[in-house]
There are 2 protein chains.
Amino acid sequence: MQISKKTQYGLRAMVYLAKNFKRNKVFPLREISKSEDIPFDFLEKIILELEKSDLVKAKKGPNGGYFLACSPRKITAGDIVGALEKTKPVNCLICGRMGKCSAKSVWNKLEQSLKDALDSINLSELTK
Amino acid sequence: MQISKKTQYGLRAMVYLAKNFKRNKVFPLREISKSEDIPFDFLEKIILELEKSDLVKAKKGPNGGYFLACSPRKITAGDIVGALEKTKPVNCLICGRMGKCSAKSVWNKLEQSLKDALDSINLSELTK
DNA sequence: ATAAAACAGACTATATTAGTCGGTTATATC
DNA sequence: GATATAACCGACTAATATAGTCTGTTTTAT
Ligand code: FES
Ligand code: FES
């Protein structure tokens, strides 16, 4: 039940992009890395995943960098966490084998309220 | 964001105790282990933790075993998960150092709704 | 006495996380 | 068109956490 550093870094990076969001403006990773105190090489891997989930886009070459794929208002914490973290709290074996497990309803409920909580927060709220 | 097998086993064991709950009845671990298909040695460690959190009590010696410390109605999934799992989704360094981190509100909200969800379920509901 | 059970701690094996490193590709600028 | 910048990619390592085992000690009903 822990959020990985990867996800924490990822969210912070996204908030950074949202805070400074401006049309046609891009942010090189080096800048985000320094400003948010995130290991550069690690952040590179993280942002790649975010890009593959269509949350950020990149511009290559000099003066290149990353930028949000859409308005901060339209990106939720759920999107970000979902892109970087296993979001199902359990991946159980017995359920499949035996059909029923009394604990299942607990995990289902947990998963749902987790999702609800994260989906209800968007990036633009986090810039204030 | 994954629930450990330890916690899954722990919850299943507790549900087992709740299902067969009866005054003055105790259940040896061997029985729970077999019935719930949980590795005995591992279960031993798990139930010890549950005992230290005052969720179960033990009777030693022959015909001994474990039993719920109180009525199933009074024990929540939150109690059980809380006893076996780190319940805070993040344990961040920067927060302490720099005071403010935009991501913090996300994790706070997550933690709260996690807690609410689990606390709202009690063992007696899970026996049906 | 003895056998059944809880209790305890040290140990191992596996998996996940966190991060690093060496290189390739695309592109703006000179 | 050379060069520098920054994204992209895959393989690797180190550290930590999880899952489980093993060997024993203590308590207690019979
Ligand atoms: S085995 Fe799937 S929830 Fe219990
Ligand atoms: S460092 Fe604590 S929530 Fe960001």
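Below, read A as the first sequence line, B as the second, and so on, with proteins coming before strands; counting in each chain starts at 1.
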Return the value, rounded to whole Å, for the distance between atom CD of A:Gln8 and atom P of C:dT17. 13 Å
Figure out the CD/C1' separation between A:Glu85 and C:dT17, and round it to whole Å. 10 Å
For a quick check of understanding: with a heavy-atom distance under 4.0 Å over all strands, which category does B:Lys57 fall into, base, sugar-phosphate or nothing? nothing
Please report the distance, rounded to the nearest Å, between CZ in A:Arg12 and P in C:dA18. 13 Å
Other residues, nucleotides and ligands only: do more than 12 of their heavy atoms fall within 6.0 Å of NZ on A:Lys115? no
Heavy atoms under 4.0 Å, any strand shown: does A:Glu51 hit a base, just sugar-phosphate, or nothing? sugar-phosphate
What is the distance from NZ of B:Lys86 to P of C:dT17, rounded to the nearest Å? 12 Å
Run B:Phe27 and B:Phe67 through ring pair (Phe, Tyr, Trp, His ring centres under 6.0 Å) and show every step you take. CA-CA 6 Å; B:Phe27 305 86; B:Phe67 56 100; 9.0 Å; no
Check whether more than 12 heavy atoms from other residues, nucleotides or ligands sit under 6.0 Å from atom NZ of A:Lys34, and answer yes or no. no
Picking from D:dA7, D:dA19, D:dT28, the nucleotide nearest the side-chain atoms of B:Phe42 would be D:dA19
When all nucleic acid strands are considered with a 4.0 Å heavy-atom cut-off, which category describes A:Lys45: base, sugar-phosphate, or nothing? base
Starting at the 5' end of DNA chain C, which residue's closest nucleotide do you reach first, A:Ile3 or A:Pro62? A:Ile3
Step-by-step side-chain hydrogen bond (donor to acceptor under 3.5 Å, both in side chains) determination, B:Ser124 to B:Thr127: CA-CA 5 Å; B:Ser124 106; B:Thr127 59; 5.4 Å; no
Rounded distance (Å) that lies between atom C1' of D:dA19 and atom CD1 of B:Ile38: 13 Å
For the side chain of A:Lys60, counting heavy atoms from C-beta on, which of D:dA29, D:dG20, D:dC8 is nearest? D:dC8
Nucleotide nearest A:Ala58 (side chain, heavy atoms from C-beta), chosen from C:dC7, C:dT16, D:dC8: D:dC8
Ignoring backbone atoms, test whether A:Tyr9 places a side-chain nitrogen or oxygen under 4.0 Å from the OP1 or OP2 oxygen of C:dA18. no
Options D:dA19, D:dC9, C:dG19, nucleotide nearest the side-chain atoms of B:Lys5: D:dA19
D:dA17 C1' sits how many Å from B:Met1 CE, rounded? 15 Å
Do NZ/NE/NH1/NH2 and the carboxylate oxygens of A:Lys6 and A:Glu49 come within less than 4.0 Å? yes
Closest approach to the side chain of A:Glu44, judged atom by atom: which nucleotide of D:dG20, C:dC7, D:dC9 is it? D:dC9
Select base, sugar-phosphate, or nothing to describe what B:Lys6 touches, counting heavy atoms under 4.0 Å on all strands. sugar-phosphate
Upstream residue (5' side of DNA chain D) when A:Gln2 and A:Pro28 are each assigned their closest nucleotide: A:Pro28
Given the options B:Leu11, B:Ile46, B:Asp79, B:Leu84 meets side chain to side chain contact (heavy atoms under 4.5 Å, CB included) only with B:Ile46
Measuring from the side chain of B:Lys52 (C-beta onward, heavy atoms only), which nucleotide among C:dA6, D:dA7, C:dA8 has the closest atom? C:dA8
So, is A:Ser4 near the phosphate of C:dA18, with a side-chain N or O under 4.0 Å from OP1 or OP2? yes
Separation of A:Asn63 atom CG from D:dA7 atom C1', in whole Å? 13 Å
Touch check for A:Gly61, heavy atoms < 4.0 angstrom, all strands: base, sugar-phosphate only, or nothing? base
A:Leu29 CG - C:dA26 C1' separation (whole Å): 15 Å
